[in-house]
2 protein chains.
Amino acid sequence: MKLTDTEWQIMNVLWERYPATARGIAERLPKENNWAYTTIKTLLTRLAEKGAVKESKKGNTSLYEPIISRHTARRNALKSLANQAFDGAFGPLMHFLVEDQKLTENQKQELLTAIQEQDKRKKESVK
Amino acid sequence: MKLTDTEWQIMNVLWERYPATARGIAERLPKENNWAYTTIKTLLTRLAEKGAVKESKKGNTSLYEPIISRHTARRNALKSLANQAFDGAFGPLMHFLVEDQKLTENQKQELLTAIQEQDKRKKESVK
DNA sequence: GGTATTCTACTACATCTGTAGAAGATGTCA
DNA sequence: TGACATCTTCTACAGATGTAGTAGAATACC
């Protein structure tokens with residue numbers, strides 16, 4: 001399940017709040033897009049076709065909701081990027097991020113904490 | 001500069017060793033692709049058009065070499081993914097990675113070290 | 001020098017993506 | 001019940017992408 005650029009935009013607002021109507025989604029999309037309403041409908045139809053969202057009829061109007069979770073979509077996208085650009089491994093990817101990004105103190109702290117948390121959880125689950 | 005899936009494959013072997021001929025690249029690409037030689041030539045031409053590689057003639061034969069570095073390409077790809085899927089911020093992206101990937105002890109250690117290294121370098125540059 | 005090999009340039013074509021209009025179906029309010 | 005407003009479905013169409021064939025130019029080998 002690979003999302004295109006425009007599809008990500010739709011999904012992003014859909015994940016924020018759903019079920020949603022096409023109109024509702026239109027309103028929450030960045031206005032700079034300047035998309036015609038039918039453009040959004042087309043995108044939603046395509047997303048339904050590829051099984052990323054579910055479309056259900058409420059009277060005349062369609063309601064949409066995600067089928068794939070944001071988490072899953074993110075994981076897929078990262079996996080795909082890792083494959084493409086980092087020999088399929090997350091290690092180098094993370095390494096690259098840490099090396100390349102000027103992390104703020106806060107971010108660093110946060111990361112360290114996350115790593116430690118994860119560590120702790122693991123130890124506990126071992127018990 | 002956005003590379004497509006197939007273009008990444010070409011670039012990946014080109015970055016490994018260059019300058020390279022189309023034939024040479026063909027040989028180093030994964031055989032599972034089963035690409036016709038002309039397919040590779042087409043991809044190379046497109047890459048040259050978009051300024052990702054430089055093509056130079058050596059007699060009758062073209063030599064190719066990257067213009068954009070692997071590092072830059074990686075950075076672009078990550079930036080683009082961050083924008084699309086993580087509200088444009090690297091923080092959440094990294095956080096996601098740490099949370100989602102089961103890091104091995106080694107990877108964790110490595111990351112911690114990288115963060116600290118980076119830290120140290122920064123402190124030094126401040127002096 | 002002639003023939004086989006290998007390159008290159010050009011063209012082709014199906015599918016996917018981005019973007020949207022047209023026309024018909026349905027809802028709504030006076 | 002008619003006149004808008006709004007939704008939906010279909011269709012369109014240009015540009016990007018994946019994949020490759022053809023034909024002619026350059027090179028190589030005998």
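Just the heavy atoms: all of them, side chains too, but no hydrogens, waters or symmetry mates, feed the values below. Keep in mind that this is a model prediction, so the values were computed, not measured. Note on naming: letters A, B, ... go to the chains in the order of the sequence lines (proteins, then strands), and numbering restarts at 1 for each one.
Under the side-chain contact (heavy atoms from CB on, under 4.5 Å) test applied with Leu43(A), the options Thr45(A), Ile40(A), Thr39(A) reduce to a single match, Thr39(A).
Residue Lys2(A) is classed as having no contact, given no heavy-atom separation below 4.0 Å to the nucleic acid.
The CE-P distance, from Met1(B) to dA16(D), rounds to 14 Å in whole Å. Rounded to whole Å, the distance from CD1 on Ile10(B) to P on dT17(D) is 14 Å. Between the CG atom of Leu44(A) and the P atom of dC10(D) there is a distance of 16 Å, given to the nearest Å. When rounded to the nearest whole Å, the span between CD of Glu7(B) and P of dG18(D) equals 7 Å. Following rounding to the nearest Å, Tyr64(B) (OH) and dC7(C) (P) show an atom-to-atom distance of 11 Å. The distance between atom NZ of Lys41(A) and atom C1' of dG21(C), rounded to the nearest whole Å, is 15 Å. A straight line from CD1 of Ile40(A) to C1' of dT6(D) spans 14 Å, rounded to a whole angstrom. Atom pair Leu47(A):CG and dG18(C):C1' shows a separation of 13 Å (rounding to whole Å applied).
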Worksheet item: Just by protein heavy atoms under 4.0 Å, how would nucleotides 19-30 of chain D read 5' to 3' in B, S and -?
Response: BBBB---SS---
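Between Tyr37(A) and dT19(C) there is no side-chain polar atom (N or O) within less than 4.0 angstrom of OP1 or OP2. An OP1 or OP2 oxygen of dC7(C) is reached within less than 4.0 angstrom by no side-chain nitrogen or oxygen of Ser62(B).
From Leu78(B), atom CG reaches atom CG of Leu93(A) across 5.5 Å, with rounding to the nearest 0.5 Å. Atom CG of residue Leu44(A) and atom CD of residue Glu7(A) lie 9.5 Å apart, to the nearest 0.5 angstrom.
Between the Lys50(B) side chain and the Lys2(B) main chain, a donor and an acceptor come within less than 3.5 Å of each other. Without hydrogens or angle criteria, Ser80(B) side chain to Asn76(B) main chain gives no donor-acceptor distance under 3.5 Å. Judged purely by atom type and a 3.5 angstrom limit, Asn12(A) uses its side chain to pair as donor or acceptor with the backbone of Gln84(B). Judged by distance alone, with hydrogens and angles left aside, the side-chain atoms of Arg28(A) form no donor-acceptor pair with the main-chain N or O of Glu16(A) at under 3.5 Å.
Nearest heavy atoms, Gly88(A) versus Asn83(A): CA-OD1, 3.3 Å.
The stretch residues 18-30 of chain B comes close to DNA chain C through Arg23(B), each having a heavy atom under 4.0 Å from the strand.
Using bins of under 30°, 30° to 60° and over 60° for the plane-to-plane angle, the ring pair Phe86(A)/Phe96(A) lands in the perpendicular bin.
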